[in-house]
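Mind looking over this structure? Questions follow.
Hydrogens, waters and symmetry mates play no part in the numbers below; they use all other heavy atoms, side chains included.
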Amino acid sequence: MRPVNAERLVEQWTDLHGIAGQPALEERDGGHLRRVWHGPDGKALVEAHTIAGMAHGAPIHAGVGPGRCGVAGPATLNVGVSSTHAIVEFWGLAPRSDAAAASASPRTPNLVH
């Protein structure tokens, strides 16, 4: 997805939740940027991930083990971040596997990649 389109999706969801503006949390890990917007109760409502230099495809962290899955291919790109894991963690379907666990208590799922 083009970065401008991702930003428009973030604006759509933050406007819908009445939390437009700067994210409550912004983390960088190498070329990966994670931003989180919280509601008035402190729960994460919108989360956006940006991976610098990533081509169009599904981001994965290939291999076996915590936070890893899949095999890289034409449409699955091994960029060290698993979109599958990030989505299920944000939606509360699996426990957070990273230090962000405390900042992202899920309530309404909205994930933009």
(request) Look up atom CD1 in Ile87 and atom CH2 in Trp91, then write down how far apart they are to the nearest 0.5 Å. (result)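 These two atoms lie 6.0 Å from each other.
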
(request) Rounded to the nearest 0.5 Å, what's the gap from CD on Glu27 to NE2 on His49? Could you check? (result)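 Rounded to the nearest 0.5 Å, the CD-NE2 separation comes to 9.0 Å.
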
(request) Identify whether the distance between the nearest side-chain nitrogen and carboxylate oxygen of Glu7 and Arg2 falls below 4.0 Å. (result)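 So Glu7 does not pair with Arg2 through a salt bridge.
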
(message) Can you give me the closest heavy-atom contact between Ala24 and His38, atom names plus distance?
(response)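 Where Ala24 meets His38 most closely, the heavy atoms are CB-ND1, 3.4 Å.
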
(message) For Ile19 versus Leu45, what's the shortest heavy-atom pair and its separation?
(response)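 Heavy atoms only, the tightest pair is CD1-CB, 3.9 Å.
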
(message) Could you report the tightest heavy-atom contact between Ala72 and Asn78, atom names first, then the distance?
(response)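 Shortest heavy-atom contact: CB-CB, 3.9 Å.
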
(request) State, yes or no, whether a side-chain contact exists between Leu25 and Glu47 at a heavy-atom distance under 4.5 Å. (result)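 Side-chain contact under 4.5 Å: no.
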
(request) Any chance you could measure Thr50, atom OG1, to Arg35, atom CZ, to the nearest 0.5 Å? (result)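 Spacing of OG1 (Thr50) from CZ (Arg35) equals 5.0 Å.
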
(message) Between Val36 and Val46, is there a side-chain heavy-atom distance shorter than 4.5 Å?
(response)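 In short, these two side chains do not touch, never coming nearer than 4.5 Å.
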
(request) Assess the side chains of His61 and Arg68: does a donor N or O sit below 3.5 Å from an acceptor N or O? (result)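 Side chains of His61 and Arg68: pair found under 3.5 Å.
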
(request) Applying side chain to side chain donor-acceptor pair (under 3.5 Å), name anything that partners Arg28, two or more places apart in sequence or on another chain. (result)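 Here no residue qualifies.
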
(request) Determine the minimum heavy-atom distance between Gln22 and Trp37, stating which atoms define it. (result)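 That would be C-NE1, 3.4 Å.
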
(request) Give the minimum heavy-atom separation between Thr84 and Cys69, together with the two atoms involved. (result)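 Closest heavy-atom pair between Thr84 and Cys69: CB-SG, 4.3 Å.
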
(request) Evaluate whether atom CG of Asp15 has more than 12 neighbouring non-hydrogen atoms of other residues, nucleotides or ligands under 6.0 angstrom away. (result)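 Atom CG in Asp15 is crowded, with more than 12 foreign heavy atoms closer than 6.0 Å.
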
(request) Consider only side-chain heavy atoms of I, L, V, M, F, W and Y, link residues closer than 4.5 Å, and tell whether Ile60 and Val71 are in one cluster. (result)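 Per the 4.5 Å side-chain linkage, Ile60 and Val71 are not co-clustered.
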
(message) Within this structure, what is the CG-NE2 distance for the pair Asp29 and His32, rounded to the nearest 0.5 Å?
(response)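 Rounded to the nearest 0.5 Å, the CG-NE2 separation comes out at 8.0 Å.
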
(message) Glu26: which residues meet the salt bridge (Lys or Arg N to Asp or Glu O under 4.0 Å) condition with it, sequence neighbours left out?
(response)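 With neighbours one apart ignored, the set is empty.
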
(request) With sequence neighbours excluded, tell me which residues meet side chain to side chain donor-acceptor pair (under 3.5 Å) with Gln12. (result)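 Side chain to side chain donor-acceptor pair (under 3.5 Å) list for Gln12, sorted by chain: empty.
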
(message) Is there a side-chain contact between Ile51 and Pro59 in this structure, where contact means two heavy atoms from C-beta onward sitting under 4.5 Å apart?
(response)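 A side-chain contact exists here, since the closest heavy-atom pair is under 4.5 Å.
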
